[in-house]
Amino acid sequence: MAEVAFRTCKTHNTDQPADSVEWCPHPGREDLFVCGTYQLREGESSPYDKRRGTILLFRFHEDNGTSNDDPLLEELHRVERSAVLDQKWNPVHTDRLGVAGSDGLVAVYKLAAPDVDGSEWTLEPELTERLSAEEEGHTLALSLDWNGDGTRLLATDSSGSVNLFDYDDRSLERIHRWKAHDFEAWTAAFSRHNSNIIYTGGDDSMLCAYDVRCSDEPVLSQRNKKHEAGVTSLLSYGQREHILLTGCYDGKVRLFDERRIGASLGDVSLTGGVWRMRSNPRDPKRILCACMYENFSLIELRDELEVAKIGEYGLHENICYGCDWQHATATGTTKTYVATCSFYDKMLCVSEVVRV
């Protein structure tokens, strides 16, 4: 029996297929989040024009300022650009957003408020870096991850490569690029316990671990060949040492000890490939999963090192790609909200997570 349920607060048509949601984690800005879209344009010959998209910047108000209890969801700004594959807010630089695009670029945007009260927030382009040379053919940037202090950025691409950048608020400099997978490198993540260790997952069904403490190319330290399909998402669990979770096209979330990733400690079967996993910042053991062909499922990591499904959100129709939790740790709210989005139905939802 499900332990939690979801109450839909707001829905929004995103105009284009939606595939990523990222809620701003920084104090005073927890009401802001972005949604990325990906529109395939028929008849376009250029790979750069074939996939277009937007970054949609939203504000969600729990209290709309009236006697009506209905929350308010408003679109603040829209950035027209190449299709968005992934987005991540920098964990330290409070006004920076990294974006992976179908044009093969990693971009950093700055969150800017031209007015004093912040009611006119916008996203302004700041830095860009191309992942591959033109002669290598067109490459899509697929996923991003920042390290804990926001000084390094990981980007994976459709050639199977992983790119590591040094970052400050003035420059984005690539320091490593290496071939990690035979097909698309769908995902990569820093270990939350040692930022020199990087995990990658690819369409070749491989989970790999690399050590980046070298001058030329990261050293492969471990490899797992036992996933039954492509590895699509990774979550290094910061609240418990050495715990790594993987999501896979086969619909399973697997639990690993980061020191020995050759065999999983356990798993939970969900319906639909697991594209993203997001841990609740208020209650990290609860993890929201975007299960592409079915729904959004909520799982729980338990003390005995097992994972169990405890709820699901089924309003979306096709395909469930983006999800995140509101980071409302400093606003005084007692409610827990999530944002979710789906592809072909072009739907964004904000929901309250409630106990049943």
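The nearest pair of heavy atoms linking Ile261 to Cys208 is CD1-C, 4.3 Å. Residue Gln87 comes nearest to Cys35 through the heavy atom pair NE2-C, 3.7 Å, listed as atom of the first residue, atom of the second, then distance. Nearest approach of Cys289 to Met277, heavy atoms of both residues: SG-CG, 4.0 Å. In terms of heavy atoms, Gly148 sits closest to Pro91 at O-CG, 3.7 Å.
Salt-bridge annotation for Arg177 and Glu129: absent, with no side-chain N of the basic residue lying under 4.0 Å from a carboxylate O of the acidic one. Using a cut-off of 4.0 Å between Lys/Arg side-chain N and Asp/Glu carboxylate O, Asp250 and Lys252 are scored as not salt-bridged. Using a 4.0 Å cut-off between a side-chain N of Lys or Arg and a carboxylate O of Asp or Glu, Arg276 and Asp19 do not qualify as a salt bridge. Taking a cutoff of 4.0 Å between a charged side-chain nitrogen and a carboxylate oxygen, Arg278 and Glu22 qualify as a salt bridge.
Counted by atom type alone, Thr340 and Tyr313 present zero donor-acceptor pairs between their side chains at under 3.5 Å. A donor-acceptor pair shorter than 3.5 Å can be found between the side chains of Asp103 and Ser82. Remark: the Gln16 side chain and the Thr37 side chain contain an N/O donor-acceptor pair separated by less than 3.5 Å. Checking Ser269 against Asp267 by side-chain atom types alone, no donor-acceptor pair falls below 3.5 Å.
Between Leu144 and Leu153, some side-chain heavy-atom pair lies under the 4.5 Å cut-off. With contacts defined as side-chain heavy-atom distances shorter than 4.5 Å, the pair Glu317/Tyr344 does not qualify. Under the 4.5 Å side-chain criterion, counting only non-hydrogen atoms from C-beta, Leu235 is not in contact with Val253. Side-chain contact between Asn163 and Asp157 is present, with heavy atoms from C-beta onward closer than 4.5 Å.
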Would Val99 and Val34 satisfy side chain to side chain contact (heavy atoms under 4.5 Å, CB included), going step by step from the backbone distance to the final call?
CA-CA 11 Å; Val99 178; Val34 289; over 6 Å; no

Test side chain to side chain contact (heavy atoms under 4.5 Å, CB included) on Arg223 and Met206 and set out the steps.
CA-CA 7 Å; Arg223 177 181 281 131; Met206 302 293 287; 2.5 Å; yes

Stepwise side chain to side chain contact (heavy atoms under 4.5 Å, CB included) test for Val84 and Ser20
CA-CA 8 Å; Val84 175; Ser20 73; 4.0 Å; yes

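Within the model, atoms OG of Ser342 and CE of Met292 stand 13.5 Å from one another, a figure rounded to the nearest 0.5 Å. Atoms CZ and CG, from Arg96 and Asn90 in turn, are 8.5 Å apart once rounded to the nearest 0.5 Å. Rounding to the nearest 0.5 Å gives a distance of 11.0 Å between CG of Leu298 and CG of Asn295. Between Ser102 atom OG and Leu142 atom CG the span is 10.0 Å, to the nearest 0.5 Å. The structure places CZ of Phe190 at 6.0 Å from CG of Asp145, a figure rounded to the nearest 0.5 Å. A distance of 9.5 Å separates CZ in Phe343 from CG in Asn318, rounded to the nearest 0.5 Å.
In Gln239, the CD atom is crowded: over 12 heavy atoms of neighbouring residues, nucleotides or ligands sit closer than 6.0 Å. Residue Lys50 places its NZ atom among 12 or fewer non-hydrogen atoms of other residues, nucleotides or ligands, all under 6.0 Å distant. Enclosure of atom NZ in Lys179 by more than 12 non-hydrogen atoms of other residues, nucleotides or ligands within 6.0 angstrom is indicated.
In summary, of the residues considered (Glu74, Glu120, Glu75), a salt bridge (charged side-chain N to carboxylate O under 4.0 Å, His left out) with Arg59 occurs for Glu74 alone. When each of Thr200, Thr156, Thr232, Thr187 is checked for a side-chain hydrogen bond (donor to acceptor under 3.5 Å, both in side chains) with Ser143, only Thr156 meets the rule. When each of Ile310, Leu270, Val274 is tested with Ile299 by the rule side chain to side chain contact (heavy atoms under 4.5 Å, CB included), just one qualifies, namely Leu270. If you run ring-ring contact (aromatic ring centres under 6.0 Å, His included) between Phe33 and each of Phe60, Trp23, Trp89, only Trp23 comes through. Remark: of the listed residues Glu62, Arg7, Gln326, Glu352, Glu62 is the sole one forming a side-chain hydrogen bond (donor to acceptor under 3.5 Å, both in side chains) with Tyr337.
Follow the hydrophobic side-chain contacts under 4.5 Å out from Val353 and you reach Leu315 in the same cluster.
With sequence neighbours excluded, the residues satisfying salt bridge (Lys or Arg N to Asp or Glu O under 4.0 Å) with Lys285 are Asp283.
The aromatic ring centroids of Phe256 and His227 lie less than 6.0 Å from each other.
Here ring-ring contact (aromatic ring centres under 6.0 Å, His included) pairs that include residues 270-290, with residues two or more places apart or in two chains, are Trp186-Trp275, Trp275-Tyr321.
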